[in-house]
Every structure is written in C-alpha cells, then in structure tokens.
S.K.: 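Below you will find the structure I want to go over with you.
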Amino acid sequence: MVRGLRVSILLLAVLGNLAWSFSAKANFNGKLTVEIDGLKNKQGQVCVSIFASSEGFPSDRGLQKQCTKITGTPLPITFENLKAGSYAIAVFHDQNDDGTLNSNVFGIPSEGFGFSSNPEIRTRAAKFSEAAFLVAGPDTNIQIQLKYL
C-alpha cells in the first residue's frame, strides 16, 4: 500500500514537471530572421510585414512592419519577441521609397515582391495559408526570393 502511494506520488511529480516544461516552452518569445534574396538592384528600401492571421494579408500593415535600406544581398531583417504560432510574411522592394508596392494600370506589381514559403504566384497574391510558417523555437530563419514581373 505504501509502495503504491510512493509510485503514485512519483508519477504525479514527473507528470507535473512535464506539464510545466511544455507550458514554459509555449510561453517563449522567439526571434525571426527573414533573409530577402533576389533583389534586382540596391535602390530604395525593402518593406516587410508579418501577419499572425489571414486578416489583412498581404496588403494591410499586419502585426509588425519594417522598412530597411538595402545594404547588400541577401538582406536580413529581424523580428523580435514573437509568440509561438503560425505567421506569414509579405515583402516588397520599394525602389522609389514611396512606402507602397507600385503597380501598372492592370494592377500588376512594377516593383519586386515576395511571400514566406515562396509560393508560386501567377494571377493573384498569395493566401495566408500558402505563405504560413511556424515559429516554434527561440530562433527561426526563413528565406524569401523576390519576384519581378
């Protein structure tokens, strides 16, 4: 009887430690490094928006946005303090520094653009589900290849 009680207490202690370690990992704040490649030139800046849901993706501001002068290729951009979860990135090469992705009269982008997971783009922008990736550890690195039409 006493031995059974000891085993039960030991089992509870082990399960409690496992539950604590899983919850501690779920509450981390991670760092995401996005490496932008395929820039046509070093004119202007690159603007990157990160989204935590499909709401507003890819054209609105998103969770965070950074615009960075082009210093070289590939160009790394870092987002800090991200909770574990699913995210998507939209990026464009703002060659004329006006803060928007310019397009021609038909709505076709005249500046480079890209999305996380590098989905194939034909007649529309990527959907959140096509560009989604997981941040599940302290350091996540992704690469985005820009496209010019």
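Numbering starts at 1 and runs along the sequence shown. Hydrogens, waters and symmetry mates are skipped; everything else that's a heavy atom, side chains included, is used.
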S.K.: Please answer whether the main-chain N or O of I89 pairs with a side-chain N or O of S116 as donor and acceptor at a distance below 3.5 Å.
M.R.: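 It does hold such a pair.
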S.K.: Is it true that a side-chain atom of D98 and a backbone atom of T100 form a donor plus acceptor pair closer than 3.5 Å?
M.R.: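 At least one qualifying donor-acceptor pair exists.
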S.K.: After noting the C-alpha distance and the side-chain angles of N29 and K83, does the key distance pass the side chain to side chain contact (heavy atoms under 4.5 Å, CB included) rule?
M.R.: CA-CA 5 Å; N29 286 333; K83 301 284 185 204; 3.1 Å; yes
S.K.: Would a distance-only check, ignoring hydrogens and angles, find a side-chain to backbone donor-acceptor pair under 3.5 Å from T73 to L39?
M.R.: no
S.K.: Indicate yes or no for a side-chain donor-acceptor contact from H93 to the backbone of K42 under 3.5 Å, with no hydrogens or angles considered.
M.R.: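 No: the side chain of H93 does not pair with the backbone of K42.
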S.K.: What distance do I77 atom CD1 and I36 atom CD1 have between them, rounded to the nearest 0.5 Å?
M.R.: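 Reported value, rounded in 0.5 Å steps: 5.0 Å.
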S.K.: Please examine the side chains of N41 and Q95, heavy atoms only from C-beta on, and report whether any two atoms are closer than 4.5 Å.
M.R.: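 Side-chain contact under 4.5 Å: yes.
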S.K.: Distance from Q145 atom CD to E35 atom CD, nearest 0.5 Å?
M.R.: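 The distance works out to 10.0 Å.
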S.K.: Measure the shortest side-chain to side-chain distance between P58 and F115 over non-hydrogen atoms and say whether it is less than 4.5 angstrom.
M.R.: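 SC-SC contact between P58 and F115 confirmed.
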S.K.: So does L146 get a backbone contact from the side chain of N118, meaning a donor-acceptor N/O pair under 3.5 Å?
M.R.: no
S.K.: What are the two closest non-hydrogen atoms of F57 and A131, and how far apart are they?
M.R.: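 Scanning both residues, the minimum pair turns out to be CZ-CB, 3.8 Å.
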S.K.: With rounding to the nearest 0.5 Å, note down the distance linking NZ in K65 to SG in C47.
M.R.: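 Here the interatomic distance stands at 5.0 Å.
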S.K.: I need the S110 OG to L149 CG distance, nearest 0.5 Å.
M.R.: 9.5 Å
S.K.: With a 4.5 Å cut-off on side-chain heavy atoms, are I108 and S103 touching?
M.R.: no
S.K.: Output, in order, the C-alpha distance, side-chain angles, deciding distance and verdict of side chain to side chain contact (heavy atoms under 4.5 Å, CB included) for L32 and I142.
M.R.: CA-CA 8 Å; L32 169 66; I142 65 168; 4.2 Å; yes
S.K.: Strictly distance-based, threshold 3.5 Å: is any side-chain N or O of Q66 a donor or acceptor partner for the main-chain N or O of T78?
M.R.: yes
S.K.: Can you tell me how far OG of S117 sits from CZ of F128, rounded to the nearest 0.5 angstrom?
M.R.: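 If I round to the nearest 0.5 Å, the distance is 10.0 Å.
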S.K.: Flag the pair Y87 / F51 as yes when at least one side-chain heavy-atom distance between them is below 4.5 Å, and no otherwise.
M.R.: no
S.K.: Answer whether the closest heavy-atom distance between the side chains of V46 and V91 falls below 4.5 Å.
M.R.: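 Result yes, sub-4.5 Å side-chain heavy-atom pair found.
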S.K.: Could you state whether F92 and I70 fall into the same hydrophobic cluster, counting links through intermediate Ile, Leu, Val, Met, Phe, Trp or Tyr residues with side-chain heavy atoms under 4.5 angstrom apart?
M.R.: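 No, separate clusters.
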S.K.: Under a 4.5 Å cut-off applied to non-hydrogen side-chain atoms, are F113 and I121 in contact?
M.R.: yes
S.K.: Tell me the closest heavy-atom pair linking Q64 and E80, and the distance in Å.
M.R.: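 Scanning both residues, the minimum pair turns out to be NE2-O, 3.9 Å.
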S.K.: Which pair of non-hydrogen atoms, one from L82 and one from F79, has the smallest distance, and what is that distance?
M.R.: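 Closest approach of L82 to F79, heavy atoms only: CD1-CB, 4.1 Å.
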S.K.: A side-chain contact here means heavy atoms from C-beta on lying under 4.5 Å apart; do P74 and Q143 qualify?
M.R.: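 They are not in side-chain contact.
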S.K.: Nearest 0.5 angstrom please: L101 CG to E111 CD, how far?
M.R.: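 That separation rounds to 6.0 Å.
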S.K.: Can we say E120 and K147 salt-bridge, meaning some charged N sits less than 4.0 Å from an Asp/Glu carboxylate O?
M.R.: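 Salt bridge flag = no for K147 with E120.
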S.K.: With a 3.5 Å distance limit and no angle check, can you tell me whether D94 reaches the backbone of Q45 through a side-chain donor-acceptor pair?
M.R.: no
S.K.: Hey, does P109 have a side-chain heavy atom less than 4.5 Å from the side chain of Y148?
M.R.: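 The answer is no, as the side chains (C-beta and beyond) never meet within the 4.5 Å cut-off.
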